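Okay, so here's the structure we're looking at.
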Amino acid sequence: MSRVPDYDAVVIGAGFAGLYAVQKLTSLGFHVAGFERGEDVGGVWYWNRYPGARCDCESYYYSYGFSQDLQQDWTWSRRYAEQPEILNYLGHVADRFDLRRHFRFGAAVETLVFDEADEIWRVRAQGGPTVTARFVISAMGCLSAVNWPDIPGIRSFQGRLLHTADWPHDRVNFSGRRVGVIGTGASAVQAIPHIAREAAHLKVFQRTANWVLPAWNRASDPDFDAWVKAHYSEIRERCATSPGAVPFDAPTQSALETPEVDRQAIYQKYWDLGGMRFFTAFTDMFSNLEANATAQAFVRQQILKIVNDPETARALIPTTHPIGVKRPPLDDDYYETFNRPNVNLVDIRNAPIIEVVGQTVRTADADYEFDDLVVATGFDAITGALLALDVRGRGGVTLQSRWREGPSTYLGLGVAGFPNLFTITGPLSPAVLANMPTAVEQHVDWIADCLDHMRREGIGVIETTEAAEADWVSHANEIVGQTLYPHAESWYFGTNIPGKPRRFGVYLGGFGAYSDRCDGIAQAGYEGFRFTSAPN
Ligand code: N01
């Protein structure tokens, strides 16, 4: 085998991250092959087609900023775009920058093996030949490996079985059907009101009540759109420098130091604004249990006001975790849906689902028969997609064995022992706690600069040092310990997957500060990385 690889880089995934990675690298003259398991572009927006699927970030910033023309030309129809529109947008980006020709679709990568002698990656996708590349860039996303719950018999359900994260492409009609939904996370909260409007009867199986905030989705306002387009540079700059990669004003006052009457007014103001802005009300919401309890009390009152049946309202009020530290869903009529006569909540915390037999979901208390079972149990998040592949670094060491105790990376970008492998929005980067397109662009730009630097300097291999990785992991863990996040079991910790090691997978130091740090590291000659070898 020749040392000259087939490609400079292989990019895995054609969602927000993969599309931009291919656009950026090819524009710099790199020879790139993209692999995508779906039949078209879109990533998470390709698979998650359940009714009500939409983004919980407003579209004017949940969008690419890399092209002035693109952001001026594209107009969103809703405040929070729905899945079909986001998928259209990504299709438009693929067409506009002629990106599809670089991708192989229906090509799920299965093995990634680093060949130490030739210093290249050997990449094989299902049913395809092995290709070689100097670099591999994972753009598989944090929420792409589907989590089927370990409920005995569930995959053999004899009615129509659906998973929110792998939804059929044709419209699913629930009219006249008896439907069960398992799960009350962000996907279920979006889907439930839509299913309830169609179904004859809907039962929602809830293991953990979630703090749900209003989205207040609505048609776009042309005046606001015009203002956005005139101020896009400012908006993108605010995203780039803010803790959550969003253009929100940072909080300035403590909940505990604000008098009760003013505090209520402030919570009401943010509730009325809608969305994740609620969490910018006060400085201490994520660091102080007492402060967080004031926000919980406010939302509890809203639930009690909306839900008519007191018993159902009480069951919908979370008791297991502070607000915000388990990803809060945003709703359009979620709580109101439980006032419908055709909807019931089933508590499976106290009476768990034991098995599924035929068309019956059997809990410790009762049997429920359905025509359709909607499984909304989320993802093996953050590490699931990478660990589903056979990834082998130096010495044939597998990523599975390296991450046996949980994910370990430097900046969420590189893993010691896995040279020339980059992970866009990888574990221990701000990723899912930042606005994803902004986080994606920051990572892609950083990686592209690094590859360009290596090309100019004639360097063949970059590798994270073990010391830098160990320091990053302990720094990331230390920050988590200063917050309330450890007070919830969540997919951030991996605890939604039985047997997965409990380690917080996201960097909480703030997106803006993180991005500055990445830049500083690059300017200091890629501190914490080791360069070796010259390419041929
Ligand atoms: O998944 P989840 P999701 N038996 O893991 C329950 C993003 N997202 O698909 O909490 C019974 O949050 C589980 O119960 P519990 C967003 O970041 C974004 O809803 O583990 N129940 C929970 O209720 C989100 O956070 C958008 O006790 C079981 C639910 O299933 C992430 O995706 C839209 C179970 C899973 O909730 C994941 O959301 C939608 C079992 N064995 C989603 N296993 C946007 O806006 C799990 N559950 C972009």
Side-chain angles (χ1 to χ4, degrees), residues 15-16 43-45 47-59 62-63 78-83 85-87 141-154 162-167 180-192 204-213 215 217 275-276 316 318-321 324-332 334 345-356 361 363-364 373-382 384 425 431-437 488-500 505-506:
F16 265 95
V44 75
W45 299 107
W47 300 102
N48 289 251
R49 297 169 186 246
Y50 57 85
R54 59 156 170 71
C55 187
D56 283 347
C57 291
E58 292 144 290
S59 303
Y62 186 86
S63 51
R78 312 272 299 158
R79 180 183 187 194
Y80 301 88
E82 288 163 7
Q83 175 271 333
E85 190 169 15
I86 303 175
L87 190 61
C142 302
L143 296 161
S144 49
V146 178
N147 172 36
W148 280 95
D150 59 352
I151 297 170
I154 193 161
L162 301 150
H163 196 296
T164 44
D166 189 6
W167 198 262
V181 172
I182 300 178
T184 51
S187 303
V189 164
Q190 291 184 345
I192 282 166
V204 176
F205 292 93
Q206 173 184 275
R207 188 166 69 178
T208 308
N210 251 327
W211 296 104
V212 178
L213 297 170
N217 204 8
M276 301 298 177
L316 286 165
T319 53
T320 56
H321 59 282
V325 294
K326 180 167 178 154
R327 166 47 159 90
L330 297 192
D331 86 323
D332 277 308
Y334 178 67
L345 188 65
V346 182
D347 169 19
I348 52 167
R349 175 162 289 267
N350 295 311
I353 298 175
I354 293 165
E355 60 178 346
V356 175
V361 174
T363 72
L373 187 58
V374 175
V375 181
T377 50
F379 305 88
D380 181 353
I382 303 172
T425 63
V432 285
L433 286 167
N435 168 43
M436 282 306 254
E489 296 307 329
S490 67
W491 57 258
Y492 297 143
F493 273 107
T495 50
N496 63 325
I497 304 296
K500 194 168 172 175
V506 190

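In this text, all values refer to a predicted model and were calculated from it rather than measured experimentally. As the structure lists them, so they are numbered: ligands from 1, and atoms in each ligand from 1.
- At a 3.5 angstrom cut-off on N or O pairs, Ser187 counts as close to ligand 1.
- Each of the atoms 1 (O), 3 (P), 9 (O) of ligand 1 lies under 4.0 Å from some heavy atom of Gly378.
- Looking at ligand 1, you won't find any N or O of Asn147 less than 3.5 Å from one of its N or O atoms.
- Judged purely by atom type and a 3.5 angstrom limit, Thr184 uses its side chain to pair as donor or acceptor with the backbone of Thr208.
- Between Trp491 and ligand 1, an N or O atom pair is found at a separation short of 3.5 Å.
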side-chain contact (heavy atoms from CB on, under 4.5 Å) assessment of Val356 paired with Ile151: CA-CA 7 Å; Val356 175; Ile151 297 170; 4.0 Å; yes
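- Not a single donor-acceptor pair under 3.5 Å links the side chain of Asn496 to the backbone N or O of Ser490.
- Considering backbone and side-chain atoms together, Asn210 places no N or O closer than 3.5 Å to any N or O of ligand 1.
- Protein heavy atom in closest approach to atom 36 (O) of ligand 1: Gly185 CA, 3.5 Å.
- Residue contact annotation: Trp148 has no non-hydrogen atom under 4.0 Å from ligand 1.
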task: Give the C-alpha distance, both sets of side-chain angles, the deciding distance and a yes or no for side-chain contact (heavy atoms from CB on, under 4.5 Å) between Val432 and Leu143.
output: CA-CA 9 Å; Val432 285; Leu143 296 161; 4.2 Å; yes
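- Heavy-atom proximity to Pro149, at under 4.0 Å, picks out these atoms of ligand 1: 40 (C), 41 (N).
- Between Gly183 and ligand 1, no N or O atom pair is found at a separation short of 3.5 Å.
- Remark: side-chain polar atoms of Asn147 are paired, donor with acceptor, to backbone N or O of Thr377 under 3.5 angstrom.
- The existence of a salt bridge linking Asp56 and Arg327 is confirmed by a sub-4.0 Å separation between a basic side-chain nitrogen and an acidic carboxylate oxygen.
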task: Walk me through it: do Ile382 and Val506 pass the test side-chain contact (heavy atoms from CB on, under 4.5 Å)?
output: CA-CA 8 Å; Ile382 303 172; Val506 190; 3.8 Å; yes
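- A donor-acceptor pair under 3.5 Å is formed between the side chain of Trp211 and the backbone N or O of His321.
- The protein non-hydrogen atom at the shortest distance from atom 26 (C) of ligand 1 is Arg327 NH2, 3.8 Å.
- Under 4.0 angstrom from ligand 1, the non-hydrogen atoms of Ala376 all belong to its backbone.
- Distances from ligand 1 to the non-hydrogen atoms of Thr184 include at least one value under 4.0 Å.
- Put simply, the side chain of Asp347 gets close to the backbone of Arg349: a donor and an acceptor are under 3.5 Å apart.
- Of all the heavy atoms of Trp45, the ones lying under 4.0 Å from any atom of ligand 1 belong exclusively to the side chain.
- Residue-ligand proximity, Leu143 to ligand 1, at heavy-atom distances under 4.0 Å covers atoms 7 (C), 17 (O), 31 (C), 32 (O).
- Under a 3.5 Å cut-off, the side chain of Ser187 and the backbone N or O of Ala376 do not form any donor-acceptor pair.
- Short contacts between ligand 1 and Lys326, defined as distances under 4.0 Å to a heavy atom of the residue, involve ligand atoms 10 (O), 15 (P).
- The closest approach between a heavy atom of Glu489 and any atom of ligand 1 is not below 4.0 Å.
- Atom 44 (C) of ligand 1 has its closest protein heavy atom at Arg54 O, 3.4 Å.
- The protein non-hydrogen atom at the shortest distance from atom 45 (O) of ligand 1 is Asp56 N, 2.7 Å.
- Of the listed options Asp380, Ile353, Thr377, Thr377 places a heavy atom closest to atom 46 (C) of ligand 1.
- Atom numbering of ligand 1 starts at 1 in the shown order; those under 4.0 Å from a heavy atom of Thr208 are 10 (O), 15 (P), 27 (O).
- In this structure a side-chain-to-backbone donor-acceptor pair under 3.5 Å is missing from Thr495 to Glu489.
- For Gln83 (side chain) and Gly52 (main-chain N/O), no donor-acceptor pair under 3.5 Å exists by modelled atom type.
- A donor-acceptor pair under 3.5 Å is formed between the side chain of Arg79 and the backbone N or O of Ala215.
- Considering backbone and side-chain atoms alike, Asn496 places every N or O at 3.5 Å or more from each N or O of ligand 1.
- The contact set between ligand 1 and Ile348, taken as ligand atoms under 4.0 Å from a residue heavy atom, comprises 11 (C).
- Residue contacts with ligand 1, taken as heavy atom pairs separated by less than 4.0 Å, involve Tyr50 solely via side-chain atoms from C-beta onward.
- The atoms of ligand 1 that sit less than 4.0 Å from any heavy atom of Phe379 are 9 (O), 32 (O), 37 (C).
- For atom 4 (N) of ligand 1, the nearest non-hydrogen atom of the protein is Arg207 NH1, 3.6 Å.
- Atoms of ligand 1 lying under 4.0 Å from at least one heavy atom of Gln190, given by number and element, are 33 (C), 45 (O).
- Here the side chain of Asn48 pairs no donor or acceptor atom with the backbone of Ala53 at under 3.5 angstrom.
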- request: Go through the steps to decide whether Phe205 and Leu345 satisfy the test side-chain contact (heavy atoms from CB on, under 4.5 Å), and finish with yes or no.
  value: CA-CA 6 Å; Phe205 292 93; Leu345 188 65; over 6 Å; no
